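What you see is a predicted model, and the numbers here were worked out from it, not measured in a lab. Just so you know, these numbers use all the heavy atoms, side chains as well, and skip hydrogens, waters and symmetry mates.
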Amino acid sequence: MVNAAAVTQQMIDVFNVKGIVHFGIAGNMNNSMSIGDVSIPKQITNAGLWDWLNPNNAKGGEDAASLDIGNYNIPQGDGNNELGSLRYGQEQLYSVTGHINSPQNVLWINTTQEWLHLAADLEKMELSHCVNASLCLPKKPKLVVGLKAATANIFVDNAAYRNFLHETFGVSSSDMESSAVAMTCASNGYPIIVIRGLSDLAGVGGANTVHKFGSLAATNTAKAVFEFIKKLPLS
């Protein structure tokens, strides 16, 4: 995430940038979405911004959410665990449109509304559903605009944590760069859109499907990016 933010800032500083089209593959957090689908989120959160809490500490009122590790004990969760809880917090957004040295505490970073409107027509586009002649998805993938996404320096491959993220934050995808790129764009006042192809459903058991369908998710993402760029005004 640090590298993604730094490179985005360098691009803004060095080049005549009009906005950032950020894209790649992501893990699926939403059971109503499928491998090969493409998500263009309206909001992104940093789900890796948390601290450990001692079991005897009270939860703070300003926390975005908390995760009680004891609820996931095996075989039976009873809420008691020496690891305590994770306390999720907010980002500090320093913006060119805000007050100097007075950051805004935010949980969600919004992508650019005008660009989301341009992307809305992409929901009708045809996406690929086969990696090759012998490896295809059971149904044709879809593109969805307006969901929520999470970012962290974590490759999520755990079903319980995936469900927690979806149920607590309402996110449909998880990746390792998007919120950092979006935060940098928001700080500098530049438009941003995020386009992510879903390559796997975290924690389904067996080998992670990113190795099987990662290339298909990337292909569908690239198709969506090309079609979106065609919709951008030339000036």
Side-chain angles (χ1 to χ4, degrees), residues 1-13 17-30 32-33 37-50 62-65 88-123 142-154 156 165-198 221 224-225 227-229 231-233:
M1 290 181 64
V2 172
N3 289 339
V7 170
T8 303
Q9 187 63 56
Q10 286 178 327
M11 291 175 64
I12 291 172
D13 291 342
V17 174
K18 300 296 183 182
I20 298 291
V21 180
H22 177 65
F23 61 95
I25 62 174
N28 181 14
M29 302 287 109
N30 184 346
S32 68
M33 300 287 284
D37 290 351
V38 174
S39 175
I40 303 182
K42 65 180 179 180
Q43 290 182 311
I44 309 165
T45 188
N46 181 355
L49 198 64
W50 48 261
E62 301 299 320
D63 304 331
Y88 290 80
Q90 298 177 325
E91 296 256 38
Q92 288 191 318
L93 174 61
Y94 291 86
S95 173
V96 292
T97 59
H99 297 290
I100 297 176
N101 295 327
S102 297
Q104 179 185 2
N105 292 323
V106 296
L107 176 62
W108 298 101
I109 298 295
N110 297 321
T111 52
T112 302
Q113 192 67 33
E114 292 82 358
W115 282 13
L116 285 175
H117 287 154
L118 289 178
D121 284 343
L122 299 181
E123 291 189 329
K142 60 185 178 293
L143 186 149
V144 181
V145 177
L147 299 175
K148 294 181 177 181
T151 298
N153 288 321
I154 302 168
V156 179
L165 289 175
H166 178 64
E167 293 168 5
T168 305
F169 296 102
V171 297
S172 293
S173 62
S174 176
D175 65 73
M176 301 173 72
E177 301 89 14
S178 293
S179 75
V181 175
M183 175 71 82
T184 305
C185 289
S187 295
N188 288 272
Y190 281 80
I192 171 71
I193 193 166
V194 173
I195 302 175
R196 290 279 181 169
L198 304 183
T221 303
V225 170
E227 292 302 315
F228 174 74
I229 290 174
K231 293 180 176 295
L232 289 174

- Task: Give a yes or no on whether the backbone of V171 and the side-chain of H166 come within a donor-acceptor separation of less than 3.5 Å.
- Result: yes
- Do you see a donor-acceptor pair shorter than 3.5 Å between the side chains of E91 and N105? no
- Query: Is the F228 to F23 ring centre distance short of 6.0 Å?
  - Reply: no
- Item | I192 side, atom CD1; L116 side, atom CG - distance, nearest 0.5 Å | 10.5 Å
- Query: Closest heavy-atom contact between K148 and G170?
  - Reply: CB-O, 3.7 Å
- Note on the structure: Taking every heavy atom of A224 against every heavy atom of I195, the minimum-distance pair comes out as CB-CG2, 3.9 Å
- Task: For residues K42 and V145, determine if any side-chain heavy atom of one lies less than 4.5 Å from a side-chain heavy atom of the other.
- Result: no
- Message: Keeping N28 on the side-chain end and N30 on the backbone end, is there a donor-acceptor pair under 3.5 Å?
- Response: yes
- For Y190 and G19, which heavy atoms make the closest approach, and how far apart are they? CD2-N, 4.3 Å
- Query: Is there a side-chain contact between V181 and V194, using heavy atoms and a 4.5 Å cut-off?
  - Reply: no
- Task: Count the heavy atoms of every other residue, nucleotide or ligand shown that sit under 6.0 Å from NZ of K142, and state whether that count exceeds 12.
- Result: yes
- Message: I'd like to know if the side chain of R196 reaches the main chain of A26, judged simply by a donor and an acceptor atom lying under 3.5 Å from each other, with no hydrogens or angles considered.
- Response: no
- Can you see which heavy atom on V38 is nearest to which on M33, and at what distance? O-CE, 4.4 Å
- Query: Below 4.5 Å, heavy atoms only, C-beta onward: do I20 and C185 meet side chain to side chain?
  - Reply: yes
- Does some side-chain heavy atom of D121 sit less than 4.5 Å from a side-chain heavy atom of K231? yes
- Which heavy atom in K18 sits nearest to a heavy atom in P191, and how many Å separate them? O-CD, 3.2 Å
- Any side-chain heavy-atom pair from I193 and T112 closer than 4.5 angstrom? no
- Query: Side chains of N110 and Q43: do they bring a donor and an acceptor to under 3.5 Å?
  - Reply: yes
- Interatomic distance, T184 atom OG1 to H22 atom NE2 [nearest 0.5 angstrom]: 10.5 Å
- Task: Consider only side-chain N and O atoms of T151 and D175, and report whether a donor and an acceptor are under 3.5 Å apart.
- Result: yes
- Message: Can a donor-acceptor pair be found, under 3.5 Å and without considering hydrogens, that links the side chain of T111 to the backbone of P41?
- Response: yes
- Item | Interatomic spacing from CG in N46 to CD in Q90 - rounded to 0.5 Å | 11.5 Å
- Checking S179 side chain against I44 main chain: does a donor-acceptor pair fall under 3.5 Å? no
- Minimum heavy-atom distance between M1 and N153, given as atom pair plus value: N-OD1, 3.1 Å
- Query: Does the side chain of V21 come within less than 4.5 Å of W115's, by heavy atoms?
  - Reply: yes
- Message: Quick check against the 3.5 Å criterion: does N188 have a side-chain atom that pairs as donor or acceptor with the backbone of I12?
- Response: no
- Should we say atom CG of D13 is surrounded by more than 12 heavy atoms from elsewhere, each under 6.0 Å from it? yes
- Query: Do the non-hydrogen side-chain atoms of L198 and S173 ever get within less than 4.5 Å of each other?
  - Reply: yes
- Query: Checking side chain to side chain contact (heavy atoms under 4.5 Å, CB included) against M29, which of S172, S174, S39 comes through?
  - Reply: S174
- Message: Rounded to the nearest 0.5 Å, what separates atom CD in E227 from atom CG in L122?
- Response: 7.0 Å
- Nearest 0.5 Å please: distance from the OG1 atom of T8 over to the CG atom of N3. 10.5 Å
- Approximate separation, where rounding is to 0.5 Å, of T221 OG1 and I40 CD1: 9.5 Å
- Might you work through the side-chain contact (heavy atoms from CB on, under 4.5 Å) test for Y88 and L107, ending with a clear yes or no? CA-CA 9 Å; Y88 290 80; L107 176 62; over 6 Å; no
